[in-house]
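Since we're looking at a predicted model, the values are computed, not measured. Count residues from 1 along the sequence.
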Amino acid sequence: MEINLISDTVTKPSEGMLQQMFNAKVGDDVFKQDPTVNELEDVVANLFGMEAALFFPSGTMANQTALKLHTNPGDQIICDKYSHIYLYEGGGASFNSGASCNLVNGTRGMITADLVRGAINDPENFHSPFTSLVSIENTTNKGGGACYEIEELQKIKQVCVEHNLKYHLDGARIWNALVAKKQHPKQFGALFDTISVCLSKGLGAPVGSVLIGDAATIKRAMRIRKILGGGMRQAGYLAAAGLYALQHNLARLEEDHKRAKELGVVLSKLPWVEKVEPVETNILIFQVKPHLTESQVIEKLKQKNILIISMGQGKLRMVTHLDYKEVMHTYVMEALTKMEF
């Protein structure tokens, strides 16, 4: 039995999800004639109280489309130094949009209104890049699944309004934040110009993300998606999986959070672990003692059929998900407890 804790993207569709995919009514989505894609877009837009949505094959493409929508070549994006759009999207901001990132030194991937205000370049100073966008990530990936308080996001919004900046949310794991903080999607829809949400992280769909915004913005997004090669034809088979995920897999995220916290408690007591980041959702990041390497720990766990991933600088990551069952959880906790170096 292999236990894969590398990411929450490793899940396989359940029987129920496969059946809903199999029965999906489809059409040509490039012509907006796929009824299941149209339904998914309507459902997600309504969930967040926003006007329109657009289905994408990946979260990276949805984010990159948002950056393109809100910037011109030479502009600058304010984001945390750990942001997915900066670290893990292949330099797409510069490649696709000709934009640079002004990296802010936040806490566990989260930034504040004061940090944003301090990072805005003077628009009258033509020597500096023109600041046009603030991008937030919630939950934070490299920050260990940390979640923003809605009050801080509202304060950042006020800074954006004062300085005429656009506001994007990389909400790849927003579902986890909503469950953990007992927040409502409409609270986020009221703040951001665009939001990207992922259906294949945590919720268990095989493919797909959705970009949400007002109708005019999403109409422009269709052109960018086309340019990036994101137009899909009978995509309703994939959209059906997303609809199933939203219907059945949202509330159960609490189980993932509970198991991640329990793993954190076990790790915090082990002599070879230096530090465990606070666990709020389904991502657990821990640091090993200086005399150990990440590869040593990864290899020893691999010998026990447990797969985890390195985050660099001595940090390791585990991510719980819907295919990580209780019997696996029990085995992993016992294996960790017995491990020696």
Quiz item: For E326, does the CD atom have more than 12 heavy-atom neighbours from other residues, nucleotides or ligands under 6.0 Å away?
Solution: yes
Quiz item: Does L336 reach the side chain of L301, with side-chain heavy atoms less than 4.5 Å apart?
Solution: yes
Quiz item: Quick check: does any side chain N or O of Y331 sit under 3.5 Å from a backbone N or O of K304, one acting as donor and the other as acceptor?
Solution: yes
Quiz item: Between I150 and Q183, which heavy-atom pair has the shortest distance, and what is it?
Solution: N-NE2, 3.7 Å
Quiz prompt | Short side-chain to backbone donor-acceptor contact, S200 and V207, under 3.5 Å | solution = no
Quiz item: Between the main-chain N or O of A172 and the side-chain N or O of K201, is there a donor-acceptor pair closer than 3.5 Å?
Solution: no
Exercise. Indicate whether the side chain of N121 and that of Q76 have a donor and an acceptor atom separated by less than 3.5 Å.
Key: yes
Quiz item: Same cluster or not: are L307 and L284 linked, directly or through other Ile, Leu, Val, Met, Phe, Trp or Tyr residues, by side-chain heavy atoms under 4.5 angstrom apart?
Solution: no
Quiz item: Okay, side chain of R225, backbone of F55: is any donor-acceptor separation there less than 3.5 Å?
Solution: yes
Quiz item: Hey, mind stepping through H168 and N63 against side chain to side chain donor-acceptor pair (under 3.5 Å) and telling me if it holds?
Solution: CA-CA 9 Å; H168 173 64; N63 278 336; 2.9 Å; yes
Practice problem: Report yes or no: does Y86 contribute a side-chain atom to a donor-acceptor pair with the main-chain N or O of S100 at less than 3.5 Å? | Solution: no
Quiz item: Do other residues, nucleotides or ligands put more than 12 heavy atoms under 6.0 Å from the CD atom of E162?
Solution: yes
Self-check item: Sub-6.0 Å ring centroid separation between Y324 and H329
Solution: yes
Self-check item: T140 side chain near D80 side chain, heavy-atom distance below 4.5 Å
Solution: no
Exercise. Verify the neighbour count for atom NZ of K275: are there more than 12 heavy atoms of other residues, nucleotides or ligands below 6.0 Å?
Key: no
Self-check item: Q33 CD: over 12 foreign heavy atoms closer than 6.0 Å
Solution: yes
Quiz item: If we ignore angles and hydrogens, is there a donor and acceptor under 3.5 Å between the side chains of H70 and S132?
Solution: no
Quiz prompt | Intermediate values then yes/no, side-chain contact (heavy atoms from CB on, under 4.5 Å), R233 and D29 | solution = CA-CA 5 Å; R233 301 296 179 177; D29 182 51; over 6 Å; no
Practice problem: Just do the side-chain contact (heavy atoms from CB on, under 4.5 Å) check on E280 and H257 with the steps written out, would you? | Solution: CA-CA 7 Å; E280 287 187 75; H257 300 172; over 6 Å; no
Quiz item: Hey, is CD on E15 packed in by over 12 heavy atoms from elsewhere, all under 6.0 Å?
Solution: no
Practice problem: State whether the number of non-hydrogen atoms from other residues, nucleotides or ligands found under 6.0 Å of K289 atom NZ is greater than 12. | Solution: yes
Quiz item: For the side chain of R317 and the backbone of I6, is there at least one donor-acceptor N/O pair under 3.5 Å apart?
Solution: yes
Quiz item: Going by atom types only, do N105 and K81 share a side-chain donor-acceptor pair under 3.5 Å?
Solution: yes
Practice problem: Using distance alone, with no hydrogens and no angle criterion, decide if T293 and Q296 have a side-chain donor and acceptor under 3.5 Å apart. | Solution: yes
Quiz item: Considering residues at least two apart in sequence or located in another chain, which fulfil the ring-ring contact (aromatic ring centres under 6.0 Å, His included) criterion with F341?
Solution: W272
Quiz item: Picking from T281, N282, N138, what satisfies side chain to side chain contact (heavy atoms under 4.5 Å, CB included) with R173?
Solution: N282
Self-check item: side-chain contact (heavy atoms from CB on, under 4.5 Å) between N102 and I77, intermediate numbers included
Solution: CA-CA 6 Å; N102 189 349; I77 302 158; over 6 Å; no
Quiz item: What do you reckon, is NZ of K186 surrounded by more than 12 foreign heavy atoms closer than 6.0 Å?
Solution: yes
